[in-house]
Amino acid sequence: MTQDHTTAPDAAPANPAPWRPARTVAVILAGGTGTRLGLGIPKQLLKIAGKPIIEHTLAVFEAAPEIDEIVVLMATGHVPDAERIVADAGFRKVTKVIEGGDTRNDTTRIALDAVGEGDVNILFHDAVRPLVSARIVRECVNALWSYSAVDVAIPSADTIIQVDADECITDIPVRSRLRRGQTPQAFRSGTIREAYRRAEGDPDFAATDDCGVVLRYLPGTPIKVIDGSDENIKVTHPVDVHLADKLFQLAAAQAPRLTHRGYAEELTGRTIVVFGGSYGIGHDLTELARRYGAQVFPFSRSTTGTHVERAEDVAAALKTAFEATGRIDHVVVTAGILEKGALAEMDDETMDRLLHVNFVGPVTIARQSLPYLQQTKGQLLLYTSSSYTRGRARYALYSATKAALVNLTQALADEWAEFGVRVNCVNPERTATPMRTRAFGEEPEHTLLASEAVAQASLDVLISELTGQVVDVRRAPGEPVAAVPAQPGPHRSELTTDA
């Protein structure tokens with residue numbers, strides 16, 4: 001459970017001297033090399049949710065009204081990479097991108113020199129904590145009005161043990177008084193400078209974090225602790241990459257929806273092309289987007305004779321929409337088929353149809369769509385299935401193609417970032433569509449998600465700034481579910497995607 005809540009104010013410290021900082025500077029510590037992740041690049045340059053980790057981190061401080069300036073301490077040899085990210089993202093608060101030191105001690109000293117003299121608030125933050133919240137940043141800065149050193153921490157959910165050299169327990173501290181440290185760590189500039197000045201006379205000095213330096217060398221200085229957040233994880237090990245990616249997905253799914261007027265303002269004047277727009281999710285998305293003012297062009301095998309796996313058909317469809325409106329903002333691919341049966345017993349024709357419609361089709365659409373989406377900085381939206389995480393018996397090819405679409409989404413989001421084109425993938429749970437009914441027969445309504453709900457979630461993704469995301473769509477407990485639309489049974493090669 002998240003610990004992300006506001007801390008109640010404490011009594012002021014003994015020294016109430018007024019503090020009047022000239023500005024507040026965030027120092028982003030990006031000196032890691034990614035050794036524990038087994039990468040060939042620093043971990044802060046690894047992409048999560050379609051962007052380098054450091055870009056997510058910088059965006060939080062760029063948006064924080066409490067922050068006046070950002071200084072980046074980058075790993076040796078990778079300053080140009082960070083400068084390129086800053087320039088492409090348009091971060092105006094970043095004033096310096098410089099190399100960090102060989103040790104944490106050296107890096108902090110370089111940062112203090114870069115900040116310069118004078119009374120300044122300084123926040124040190126790990127670049128690989130991209131999910132730090134605006135609330136944490138705000139509370140760190142606010143706490144500096146009363147305290148000269150501030151840490152961020154969360155309670156420990158685990159019992160902590162102390163061991164000796166033989167790995168035998170020597171102590172079990174009381175868990176209720178233990179905390180797990182995070183960042184930012186915030187300081188009045190005079191305090192952190194004095195702590196490091198005193199530390200220089202200690203031949204055994206080796207900093208692991210800056211609050212520890214203050215605690216050791218300025219023992220009379222209170223260090224205020226504010227509540228961190230369970231989501232404010234540090235990407236250190238391979239599993240952290242997956243956790244961070246999932247946390248970004250959850251944050252996207254929990255974003256508040258707009259009012260009708262808000263959707264209309266976002267979608268009026270936009271052109272959306274939907275491949276597979278005759279039934280199910282594609283049909284509902286078409287109707288919903290039109291109600292909000294978008295110009296939507298649905299294409300399918302049954303209504304327009306469009307075969308998604310044929311490059312000439314896809315090109316003609318896109319040309320039709322472009323000539324009618326002069327733009328294409330979004331391309332949505334809901335077309336797909338589900339054929340059940342053991343792989344060893346499946347005939348060549350069926351396998352060929354599954355592979356071409358479910359995978360070759362989206363690939364073909366992606367290639368043909370890019371020139372149009374580049375002009376509008378638009379988005380390609382694909383659909384996967386819950387079966388992509390674990391192949392299902394008797395529809396192995398369907399599961400495999402849906403897993404391939406997830407990889408395609410992530411890869412294209414990276415490739416197309418330089419063009420400003422976003423690529424995302426919606427992953428709905430079992431959804432009430434004609435395709436599902438054809439494959440599985442009638443099922444209890446309360447077990448299925450309404451296709452209208454998936455269409456609404458899809459619109460949310462289209463108007464967002466997300467890229468490289470697999471956005472889960474799940475039915476909330478007790479949420480009403482619409483019955484499968486009473487539509488004619490579609491041909492098996494034009495059924496629309498569901499989970």
Side-chain angles (χ1 to χ4, degrees), residues 270-286 289-290 294-339 349 351-385 397-398 401-402 404-413 415-416 419-426 435 455 458 461-462 467 490-498:
R270 294 196 188 187
T271 298
I272 303 176
V273 176
V274 181
F275 289 96
S278 299
Y279 303 98
I281 297 168
H283 173 269
D284 291 338
L285 175 61
T286 296
R290 281 174 172 167
Q295 300 182 83
V296 188
F297 294 80
F299 297 94
S300 69
R301 183 174 301 195
S302 62
T303 59
T304 60
T306 303
H307 294 242
V308 295
E309 68 276 22
R310 295 180 184 172
E312 61 272 23
D313 286 11
V314 172
L318 294 168
K319 183 179 179 182
T320 296
F322 183 79
E323 289 182 345
T325 66
R327 61 186 296 131
I328 295 177
D329 299 274
H330 307 296
V331 176
V332 181
V333 187
T334 64
I337 58 174
L338 169 57
E339 298 275 6
E349 180 182 351
M351 289 192 296
D352 186 69
R353 184 168 57 249
L354 272 166
L355 292 171
H356 277 79
V357 174
N358 290 356
F359 185 64
V360 175
V363 169
T364 301
I365 293 168
R367 286 165 56 86
Q368 298 277 351
S369 299
L370 180 59
Y372 296 100
L373 295 176
Q374 280 184 257
Q375 296 181 30
T376 57
K377 307 299 182 185
Q379 180 178 169
L380 172 68
L381 185 61
L382 305 176
Y383 288 76
T384 186
S385 157
L397 283 187
Y398 176 81
T401 56
K402 292 304 175 184
L405 290 185
V406 170
N407 280 271
L408 181 66
T409 296
Q410 295 164 337
L412 291 183
E415 286 185 22
W416 293 0
F419 306 128
V421 178
R422 289 164 288 124
V423 187
N424 290 295
C425 189
V426 169
M435 181 178 80
S458 301
V461 175
L462 288 178
T467 188
H491 186 279
R492 63 182 179 181
S493 294
E494 63 192 34
L495 297 169
T496 54
T497 301
D498 68 3

Minimum heavy-atom separation for [X] and [Y], please, with both atom names.
X: Ala321; Y: Thr271; answer: CB-CG2, 4.4 Å
X: Val296; Y: Pro298; answer: O-CD, 3.5 Å
X: Asp329; Y: Arg270; answer: OD2-CA, 3.2 Å
X: Ile337; Y: Tyr398; answer: O-CD1, 3.3 Å
X: Met351; Y: Leu397; answer: CG-CD1, 3.6 Å
X: Lys377; Y: Arg422; answer: O-NH2, 3.5 Å

| field | Ion pair check, Arg301 and Glu309, cut-off under 4.0 Å | value |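 Looking at Arg301 and Glu309, the cut-off is met.
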Would you compute the distance between atom [atom1] of [X] and atom [atom2] of [Y] and round it to the nearest 0.5 angstrom?
X: Leu412; Y: Asn407; atom1: CG; atom2: CG; answer: 10.5 Å
X: Leu285; Y: Arg290; atom1: CG; atom2: CZ; answer: 10.5 Å
X: Thr325; Y: Phe297; atom1: OG1; atom2: CZ; answer: 5.0 Å

Whether [X] side chain and [Y] backbone form a donor-acceptor pair below 3.5 Å:
X: Gln379; Y: Leu462; answer: yes
X: Asn424; Y: Leu381; answer: no
X: Ser300; Y: Gly276; answer: no
X: Thr401; Y: Leu355; answer: no
X: Thr409; Y: Val423; answer: no

Got a list of side-chain donor-acceptor pairs under 3.5 Å for residues 363-375, not counting sequence neighbours?
unit_1, atom_1, unit_2, atom_2, d
Thr364, OG1, Val360, O, 2.8
Ser369, OG, Ile365, O, 2.6

| query | Do Ser458 and Tyr383 have side-chain atoms, one donor and one acceptor, less than 3.5 Å apart? | reply |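 The criterion, which ignores hydrogens and geometry beyond distance, is satisfied for Tyr383 and Ser458.
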| said: Val308 vs Val333, test: side-chain contact (heavy atoms from CB on, under 4.5 Å). Steps then yes/no. | reply: CA-CA 9 Å; Val308 295; Val333 187; 5.6 Å; no
| Which residue, Asp313, Thr306, Thr334, forms the side-chain contact (heavy atoms from CB on, under 4.5 Å) with Phe275? | Thr306
| 4.5 Å side-chain heavy-atom contact, Val406 and Gln410 |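 Of all side-chain heavy-atom pairs linking Gln410 with Val406, at least one is under 4.5 Å.
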| said: Are the side chains of Leu318 and Val331 in contact, using a 4.5 Å heavy-atom criterion? | reply: yes
| task | Decide yes or no on side-chain contact (heavy atoms from CB on, under 4.5 Å) for Val421 and Leu380, but give the supporting numbers first. | result | CA-CA 8 Å; Val421 178; Leu380 172 68; 5.5 Å; no
